[in-house]
Structure formats: C-alpha cells, structure tokens
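Quick notes on the structure that follows.
Below, chain A is the first sequence line, B the second, and so on; all start at residue 1. This structure is a prediction, so every number in the text was calculated from the model and none was measured. Just so it is clear, the values below take in all heavy atoms, side chains as well, and ignore hydrogens, waters and symmetry mates.
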Number of protein chains: 2
Amino acid sequence: MNATSGNAPDSLLKLENFLCFAIYSTANAVTRAYQPRLAALGLTYPQYLVMVVLWERENQTVKSIGDKLSLDSGTLTPLLKRLESAGLITRRRDTVDERQVLIGLTDEGRAMRKSAEAIPIAIGRAFGCTLGEAKDLRAELLTVRDNLIASIDDAK
Amino acid sequence: MNATSGNAPDSLLKLENFLCFAIYSTANAVTRAYQPRLAALGLTYPQYLVMVVLWERENQTVKSIGDKLSLDSGTLTPLLKRLESAGLITRRRDTVDERQVLIGLTDEGRAMRKSAEAIPIAIGRAFGCTLGEAKDLRAELLTVRDNLIASIDDAK
DNA sequence: ACGTATTAACTTGCATACAATTAAATTGTG
DNA sequence: CACAATTTAATTGTATGCAAGTTAATACGT
C-alpha cells in the first residue's frame, strides 16, 4: 500500500495480487463444495446447471442452453448425452429447423427438481455471507465477466 | 426484492440468482481471456499460474505449489511433466526426503518471466475495473473461497 | 528397533472446457 | 432459382480438475 510498491514491475506478477486467481480458485472450491450434495443426485456441477436451466424452461435448443451457461456444443453435446443416458433429459431434432436439437425433461428429470431445492440453501450457508453480500458480489462478478468477454470479442 | 418473493421456494433455483454460477462463468471467461496472450508463450492458464509461483520462489515441492494453487498432485503431476517437456522447468527428487519432488526453473523458464510481465497489465485492462475495485473483489472472493473450503472440511 | 500411521507423489478413470474442424440445414443475395 | 454465407450440432484432440487407489519414504509410539 506504499507509494513505491506500485512502481515495482514485478509486483504485478505476484499470485497474491491476482484477481484472476481469486476467481479461478474460488470456482474450483465451488465445484468441490457442490460435489458431495450433487453426488446424491448423481449429477456433476455443470450437469446441475443444465438441469437448472431446463427446470426454468423445457425444450430449449443446445444453443439456447449454451448461451445461458456460456458453454459451446463441444462441451454440451457429450454432457447432454450423459444426462440422456441417465434418463433425465430427452434429445430430439427440431422438425421445423433440423439444425437444432431440442432438449426436454423426462418425468424423472422433472421430479428431480424437488430434491434439488434444498441445495441452494445449503450452499448459501457454505458461502458464509449474507444474501445482500452475495447479491453484490454476484453483480460485480457478472460485470467483470462481461467486460472480459467484450475484450475477447474486441480482439477478433 | 419484495417480501413475498423470498417465500417462493423456486426463486432459489434460478440461474440468475446464483452466486456460484457468476463465479463459475467468470472463471471460464478468465481462461478464455488469457488464452490468446498465453498462447504466444505456449502456456495454458494453469501452467501460467505454476510459472508465476515458481518465479516467486524456485525449487518448491509439488505439495508447496499445490497448497498455493489449491491443486492436488493428480492435476499437477501431468501439468508439471508437460512444462518439463517444454523445457521450462526441472523435476528432481529431494535427496534429503525422497518422497518429495523439487521443481526448479530452466534458463528458458526463468527468462520467460520478462515476456510475462506485460500480461497482468493487459488483463487488468480487460477486467475493466479500477485497481481498488479489483482488490476489494479479490478479498471478498477469497473470503467466500475459504468459507467454502472450511465447509467442505467440516463435512469430513 | 519395530511396526503402524502419515505423507508425498504418481496413476487411473471420468467429466469437463475449449479450439478447430466437419457436416448438414437454412438464410440471404443477386 | 442458384449459390455463397451463415448457423447449429457434432466431432476431434489437448489439457485440466478431482476422487480414489497405489507406492515409496518418513515419522511416530511404544
């Protein structure tokens, strides 16, 4: 915090100063924190996110799910095939636009929502912050995320 | 934000309310934002983090690097072997305690630091926030992360 | 000293992420 | 209408993350 430290070029190359590392290691911790609770449902964390998206609205295209989660078909296609094998979702070509694949829920997938409702509460406790703090932090992160994405797009 | 919405059980299962998803998708965006700059050095983002740790201090054990990055040897061992193949680091058994493997830098790995110094500046711009905002956000994230890790440990 | 517990790194298996490419369907344009 | 450009998924290849199990070395308790 002194005036000179900001001038040292190597002070920027320190792990403890990296916002990116705070984001990276927190994201890894999130996945590990979810794992024991999601294992009871037989889901991984990204699979859980896809289910959340589908519980909000059924019959979305792979593209639509990918836009919401910022994931491409290279990640989603195999993940969705696994959810289909698990009997939670359905995949069918859109008859109107055959480029698209519509993802729906099976009865089992729809029913899982009930068991999943306890998870956000438990995870919220694990975060150890108030709802207000969580909301602020979420908003700040989404701003940073969208700035990053814009900078990637600018470079193209 | 009204009084009744908090009572609706499904309001907790919405992606747009998830702090965890903000963390998750921002972390993915961080990796994508770093990728073009790190590609010039032939590094991935986790490899870059390992190099940063080694630029701070040479000859650390795999365990020491793992503690700093919150990664285990299952992730680090193959990553370190790739850095070794790339000619950036050295791996040798500690003669005093043969369980440990000491990771050092080659001349090439040490020299790469110079080229890497421009990266935090460019990424800092891409985040689109002030140094002060970044610092606050980092601190809040690390608190959340440590809370999450503590809750995982408690469950054991 | 001796047997047990612990520790460090490695290995295996599985599931992401993502860049790059491909294939098929649709859109846009002259 | 013809045909190039675009869009959507799927595929391929590489590199993580991490749980679980293995191996070798060291620390510990009696």
Side-chain angles (χ1 to χ4, degrees), chain A residues 21 23-39 42-50 60-67 69-86 91-103 148-149 152 155-156, chain B residues 24-39 42-50 60-67 69-86 91-103 148-149 152 155-156:
Chain A
F21 173 66
I23 297 167
Y24 164 85
S25 63
T26 306
N28 287 344
V30 165
T31 302
R32 290 197 300 272
Y34 266 98
Q35 197 275 333
R37 299 173 209 286
L38 290 177
L43 294 177
T44 65
Y45 180 68
Q47 288 169 6
Y48 166 72
L49 291 179
V50 168
Q60 296 187 59
T61 64
V62 176
K63 178 82 165 64
S64 163
I65 297 171
D67 285 345
L69 298 180
S70 285
L71 295 173
D72 67 8
S73 68
T75 299
L76 285 176
T77 295
L79 186 158
L80 292 169
K81 285 182 177 175
R82 279 187 283 272
L83 288 179
E84 186 186 34
S85 300
R91 298 165 67 240
R92 64 176 205 280
R93 283 280 162 187
D94 186 340
T95 50
V96 176
D97 184 343
E98 296 223 342
R99 288 172 304 182
Q100 303 184 145
V101 169
L102 291 172
I103 308 298
L148 284 175
I149 292 173
I152 298 169
K156 286 175 186 167
Chain B
Y24 164 84
S25 64
T26 305
N28 287 342
V30 165
T31 302
R32 291 198 298 272
Y34 267 97
Q35 197 275 333
R37 298 173 209 287
L38 291 176
L43 294 177
T44 64
Y45 180 68
Q47 289 169 6
Y48 166 72
L49 291 179
V50 168
Q60 298 187 56
T61 63
V62 175
K63 177 83 165 64
S64 162
I65 297 171
D67 285 345
L69 298 179
S70 285
L71 295 173
D72 68 8
S73 69
T75 299
L76 285 175
T77 296
L79 187 157
L80 291 168
K81 285 184 176 175
R82 278 187 284 271
L83 288 179
E84 186 185 32
S85 299
R91 298 165 67 242
R92 64 175 203 282
R93 284 278 161 189
D94 186 341
T95 50
V96 177
D97 184 344
E98 296 224 341
R99 290 172 302 181
Q100 304 184 144
V101 169
L102 292 172
I103 309 297
L148 284 174
I149 292 173
I152 298 169
K156 287 177 187 167

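At whole-Å resolution of the value, CD in A/Gln47 and P in C/dA15 are 7 Å apart. Atom pair A/Leu69:CG and D/dA9:P shows a separation of 14 Å (rounding to whole Å applied). Between A/Lys81 atom NZ and C/dT16 atom P there is a gap of 14 Å when expressed in whole angstrom units. Rounded to whole Å, the distance from CG on B/Leu38 to C1' on D/dT16 is 14 Å. Computed from coordinates, the B/Arg93 CZ to D/dA25 C1' distance equals 9 Å when rounded to whole Å. Per the geometry, NZ belonging to A/Lys63 stands 15 Å off P belonging to D/dT6, to the nearest Å. If you measure from atom CG of A/Leu76 to atom P of C/dA17, you get 10 Å, rounded to the nearest angstrom. One atom, CG of A/Leu83, and another, C1' of C/dT16, lie 12 Å apart when rounded to the nearest Å.
Within 4.0 Å (heavy atoms only), A/Val96 reaches sugar-phosphate atoms of the nucleic acid but no base atom. In this structure, B/Thr61 reaches the sugar-phosphate backbone alone: every heavy-atom distance under 4.0 Å involves primed, P, OP1 or OP2 atoms, never a base. Within the 4.0 angstrom heavy-atom criterion, only backbone atoms of the sugar-phosphate kind lie near A/Thr44; the bases stay farther away. Using a 4.0 Å heavy-atom cutoff across all strands shown, A/Thr75 reaches at least one base atom of the nucleic acid. Within 4.0 Å of A/Ser70, counting heavy atoms only, lie sugar-phosphate atoms of the nucleic acid but no base atom.
In this structure, the side chains of B/Thr61 and B/Asp94 stay at 4.5 Å or more apart for every pair of heavy atoms. Residues B/Ile149 and A/Arg32 meet the side-chain proximity criterion, which asks for heavy atoms closer than 4.5 Å.
Nearest nucleotide to the side chain of B/Asn28, out of C/dC10, D/dA19, C/dA17: C/dA17. For B/Val101, the side-chain atoms get nearest to C/dA9 when compared with the rest of D/dC18, C/dA15, C/dA9. Distance from the side chain of B/Leu71 is smallest for D/dG17 among the nucleotides D/dT11, C/dA19, D/dG17. Checked against C/dC18, C/dT26, C/dT16, the side chain of A/Leu79 finds its nearest nucleotide in C/dT16. Out of C/dC10, D/dA9, C/dC18, the shortest distance to the side chain of A/Val62 is found at D/dA9. When the nucleotides D/dA9, D/dA10, C/dT26 are ranked by their closest atom to the side chain of A/Arg99, C/dT26 comes out on top. Distance from the side chain of A/Thr77 is smallest for D/dT11 among the nucleotides C/dA25, D/dT11, D/dA25. Nearest to the side chain of A/Ser73, among D/dT8, C/dT26, D/dA10, sits D/dA10. Listed candidates were C/dT26, D/dT26, D/dA10. Nearest to the side chain of A/Asp97 is C/dT26.
Between B/Arg91 and B/Ala27, the residue whose closest nucleotide on DNA chain C is further toward the 5' end is B/Arg91. A residue-by-residue look at A/Leu102 and B/Thr31 shows that A/Leu102 has its nearest nucleotide of DNA chain D further toward the 5' end. Both A/Thr95 and A/Pro46 lie close to DNA chain C; mapped to their nearest nucleotides by heavy-atom distance, the more 5′-ward contact belongs to A/Pro46.
Within the structure, a side-chain polar atom (N or O) of B/Arg32 is placed less than 4.0 Å from OP1 or OP2 of C/dC18. One finds a side-chain N or O of A/Tyr24 lying less than 4.0 angstrom from the OP1 or OP2 phosphate oxygen of D/dG17.
Judged by distance alone, with hydrogens and angles left aside, the side-chain atoms of A/Arg92 form no donor-acceptor pair with the main-chain N or O of A/Ile103 at under 3.5 Å. No side-chain donor-acceptor contact under 3.5 Å links A/Asn28 to the backbone of A/Thr31.
Considering B/Tyr48, B/Tyr45, B/Tyr24 in turn, B/Tyr45 is the only one that fulfils the ring pair (Phe, Tyr, Trp, His ring centres under 6.0 Å) rule with A/Tyr24. Put simply, the residue from B/Leu102, B/Asp67, B/Val50, B/Ile65 that forms a side chain to side chain contact (heavy atoms under 4.5 Å, CB included) with B/Gln60 is B/Ile65.
To the nearest 0.5 Å, the span separating CG on B/Leu76 from CG on B/Leu69 amounts to 6.5 Å.
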